[in-house]
Amino acid sequence: MSTIAHERFEAVIGLEVHAQLLTNSKAFAPVAPIYGEAPNTMVTPLCLGHPGTLPVVNENLVRYIIKMGLATNCSVAEKSIFARKNYFYPDLPKGYQISQFDTPICFDGYLDIELEEYNKRIGLTRIHMEEDAGKSIHDQDPYNTLVDLNRAGTPLIEIVSEPDLRTPQEAYAYLTKIKQIVQYLEICDGNMEEGSLRCDANVSVRPRGREKFGTRTELKNMNSFRNVEKAIEFEIYRQIELIESGGEVVQQTRLWDTSKNQTRIMRSKEEAHDYRYFPEPDLPPIIVTTELLDEIKEELPELADVRQKRFAEEYGMSEVDAVTITEDRYLADFFEEVAEAANNPKAASNLVLSDVLRVLNEQSINIKEFNVSPARLAELIKLKEEDKINSSAMQTIFDAMLDNEKSAEELAKEMNLIQVSDTGFLEELVDEIIANNPDEVERFKAGKKQLMGFFVGQAMKASKGKANPKMVTQMVAKKLN
Amino acid sequence: MSVSEKEVRYVADLARLKLSENEVNSLAKDMNSILGYMDLLNEIDTSNVEPLEHVIDLNSRLRKDEAKTPLSHDEALKNAPDADSDYFRVPKVIE
């Protein structure tokens, strides 16, 4: 995707990201927030908005959001309150969403994003707690809307950035960072396609050099990282073209249409909701004590930035490799397990970065779905290290491991890949190759040393890949010098 | 500060209330007299007073993050004015 390099205009972008928390129970009711269950089976009277029910705050809603706040350099409010956001919609049976308004629990943070040519610090205005609504289904019944309230009350955090982003690429990098942090903290699975991470974007453009922001539009319905990037790019161009042709940007909410690759109007400012926020009377204030804050600080895991530096120092990894391997927490965990079991970080990182990542890409799976355990990969590395197999055999065995449970050594034996280091056998082999290729021998002797590869190749071919290439090289060198 | 009949209609609309002309008129009067009283309170200097969100001085007790047995599906749909075998059923919502 091209970078927006418009001469006269620059874009101003702010993102609102909703992350669905990986708690055992809903935000205010003791029932599991599980998806894929039959409709209206994961509910309590509170989720249904029955009169007389009262919310009680899930402690992990508070703990998880504080984790996120600390990981993104936010201040944590000693006292914050919940507020009611009022609107009528069938999937919101209470008639209001419990959210936070004036006093978000986390505020004034930042995170650093990395782009190809530069790094940038992006401010976070606030992170607040709220609950999700249920789900309305409009297309199953021609005359009615159907409502499933399993999702109602699922704990969410909303992360609001400052309008510090300037390009779609920065927005993409920012989202990637958020996903990485929530995954490292294990508070959200970060899956945008499945809706556990959702993103709205506020986009405006202004002539370069002007301080004042232009009129913004809000983009919704972007259900992948790429779509966020594409929608923002489209919207920036739409606004610039509008202004350049003498028009004016109108404040409105627009939906990204994936099939048409464009944004279209959803509602204008006049139709904008009036939410009449007021303090939630059913929930007393949330007080964050110093003890709680210290306890949560203790629980914070090593985050990607720190881990990346450690990998570079401890394992001598290149910066690029360290970035790639720490991008996903579980991939980094996996790598460390392999490295430890094999006692060989270099070989472990090679195997993970080339072969494991290749398989993940080919099969479109993540590391948690990868079916070869770190212990089995460590065995494979050891076989190679002990010179029992050569690199091409290592590759073959790795591929075979994907489909069965056998150990690397068993597979090597079964597929007849244990390297032959028997001097007598190899000697015979090398003599034969020398006898059969007089031309090459001549040229080698005359100084064309690159032909070593040819001889080794012939030996590998003749032995069906089992010859120890190191030994073959030594023998050829000895015999022809 | 005063409330016009237009504002009464707007608030009624947000609250999904259908008001007769008489009701609009009398509610506007009521609201104006309530706000008039608020104006009186506004004469007190409260610049050093923290806003009071809750009348009881109590902090939130947090609940352990544990799931209990949900309502049965039949029970969940029992009080619904309309439902099919799976879902609550409401008039078609078109936004």
Side-chain angles (χ1 to χ4, degrees), chain A residues 23-26 28 30-34 38-45 47-48 50 56-63 79 81-83 86-91 93 95 102 134 136-138 140-150 266-267 273-274 276 279-281 283-287, chain B residues 1 3-4 6-19 27 31 34-35 38 46 49-95:
Chain A
T23 51
N24 299 319
S25 63
K26 291 185 178 179
F28 307 109
V31 57
I34 299 176
N40 300 304
T41 57
M42 302 306 287
V43 292
T44 67
C47 311
L48 304 178
H50 282 300
V56 186
V57 182
N58 181 343
E59 66 169 357
N60 277 342
L61 170 60
V62 177
R63 296 183 87 99
K79 174 187 170 190
I81 63 162
F82 285 102
N86 300 281
Y87 65 93
F88 281 101
Y89 207 72
D91 57 25
D102 290 328
S136 300
I137 299 157
H138 305 290
Q140 258 182 40
D141 177 328
Y143 310 107
N144 300 290
T145 290
L146 303 178
V147 181
D148 174 11
L149 294 175
N150 283 353
M266 178 182 155
R267 60 174 173 251
H273 293 299
D274 179 346
R276 296 150 293 146
E280 166 58 88
L283 289 169
I286 296 291
I287 304 297
Chain B
M1 194 174 157
V3 177
S4 67
K6 190 180 161 203
E7 281 163 322
V8 172
R9 283 194 197 91
Y10 174 70
V11 175
D13 189 49
L14 285 175
R16 300 291 190 273
L17 295 174
K18 197 174 186 176
L19 302 179
L27 275 169
M31 287 182 185
I34 292 167
L35 287 173
M38 293 300 154
T46 56
V49 181
E50 285 283 305
L52 177 78
E53 295 98 4
H54 297 90
V55 285
I56 303 166
D57 190 13
L58 192 76
N59 299 333
S60 247
R61 289 277 295 274
L62 304 181
R63 168 176 63 79
K64 281 252 167 283
D65 183 16
E66 289 164 353
K68 294 183 182 151
T69 316
L71 278 181
S72 75
H73 183 246
D74 287 345
E75 242 180 324
L77 295 180
K78 201 168 138 190
N79 291 319
D82 191 12
D84 67 9
S85 55
D86 293 320
Y87 296 97
F88 292 96
R89 197 146 60 182
V90 299
K92 195 115 191 155
V93 182
I94 302 156
E95 190 168 305

Exercise for the section: Below 4.5 Å from any heavy atom of chain B, which atoms of L146(A) appear? Answer side chain, backbone, both or neither. Expected result: both
Exercise for the section: Examine the side chains of D274(A) and Y10(B) and answer whether a donor and an acceptor come within less than 3.5 Å of each other. Expected result: yes
Handout entry: Which atoms of I34(A) approach chain B - backbone, side chain, both or neither, heavy atom under 4.5 Å
Key = neither
Exercise for the section: With a 4.5 angstrom heavy-atom cut-off, could you sort out which part of T41(A) is near chain B: side chain, backbone, both or neither? Expected result: both
Practice task
Check each atom of H54(B) against the heavy atoms of chain A and say whether the ones under 4.5 Å are side chain, backbone, both or neither.
Solution key: side chain
Handout entry: Reported CG-to-CZ distance for the pair N60(A) and R63(B), which is rounded to 0.5 angstrom
Key = 9.5 Å
Practice task
Tell me, please, which residues at least two apart from E7(B) pass side-chain hydrogen bond (donor to acceptor under 3.5 Å, both in side chains).
Solution key: S4(B)
Problem - Any D141(A) side-chain heavy atom under 4.5 Å of D84(B) side chain - result: no
Practice task
With a 4.5 angstrom heavy-atom cut-off, could you sort out which part of Y87(A) is near chain B: side chain, backbone, both or neither?
Solution key: neither
Practice task
Using non-hydrogen atoms and a 4.5 Å limit, figure out which bit of L149(A) sits close to chain B: side chain, backbone, both or neither.
Solution key: side chain
Exercise for the section: Taking K68(B) for its side chain and S25(A) for its backbone only, find out whether a donor-acceptor pair lies under 3.5 Å. Expected result: no
Problem - K79(A) bridged to E53(B) by N-O distance under 4.0 Å - result: yes
Practice task
Identify which part of Q140(A) has an atom lying under 4.5 Å from any heavy atom of chain B, answering side chain, backbone, both or neither.
Solution key: side chain
Practice task
Using the side chain to side chain contact (heavy atoms under 4.5 Å, CB included) rule, take N144(A) and K92(B) through it: C-alpha gap first, then chi angles, then the decisive distance, then the call.
Solution key: CA-CA 4 Å; N144(A) 300 290; K92(B) 195 115 191 155; 6.0 Å; no
Problem - Which atoms of P279(A) approach chain B - backbone, side chain, both or neither, heavy atom under 4.5 Å - result: side chain
Exercise for the section: Counting only heavy atoms closer than 4.5 Å, note whether V62(A) contacts chain B via side chain, backbone, both or neither. Expected result: side chain
Problem - Donor-acceptor under 3.5 Å (K64(B) side chain, E59(A) main chain) - result: no
Exercise for the section: Mind ranking R276(A), K26(A), H138(A), M42(A) by heavy-atom pairs under 4.5 Å with chain B and telling me who comes out on top? Expected result: R276(A)
Handout entry: Spacing of CD belonging to E75(B) relative to CG belonging to L48(A), to within rounding of 0.5 Å
Key = 10.0 Å
Exercise for the section: Check each atom of P45(A) against the heavy atoms of chain B and say whether the ones under 4.5 Å are side chain, backbone, both or neither. Expected result: both
Handout entry: Interface moiety of N79(B) toward chain A, non-hydrogen atoms closer than 4.5 Å
Key = side chain
Exercise for the section: Under 4.5 Å heavy-atom distance to chain B, tell me which part of P281(A) shows up: side chain, backbone, both or neither. Expected result: backbone
Problem - Verdict with supporting geometry, I286(A) and L62(B), side chain to side chain contact (heavy atoms under 4.5 Å, CB included) - result: CA-CA 9 Å; I286(A) 296 291; L62(B) 304 181; 4.0 Å; yes
Completion exercise
Between V56(A) and R61(B), the two heavy atoms sitting closest are CG1-O, 3.8 Å
Exercise for the section: Examine whether an atom of A38(A) lies under 4.5 Å from a heavy atom of chain B, and if so say whether it belongs to the side chain, the backbone or both; otherwise answer neither. Expected result: neither
Exercise for the section: Could you tell me whether the side chain of D65(B) and the main chain of N58(A) form a donor-acceptor pair under 3.5 Å? Expected result: no
Completion exercise
Scored by heavy-atom pairs under 4.5 Å with chain A, the best of V11(B), D86(B), L71(B), I56(B) is L71(B)
Problem - Under 3.5 Å donor-acceptor, D148(A) side chain and Y87(B) backbone - result: no
Completion exercise
Heavy-atom closest pair (N40(A) atom, A76(B) atom, distance to 0.1 Å) is O-CB, 3.8 Å
Practice task
Could you look at R63(A) and say if it's the side chain, the backbone, both or neither that has a heavy atom under 4.5 Å from chain B?
Solution key: neither
Problem - Proximal component of F88(A), with respect to chain B [non-hydrogen, under 4.5 Å] - result: both
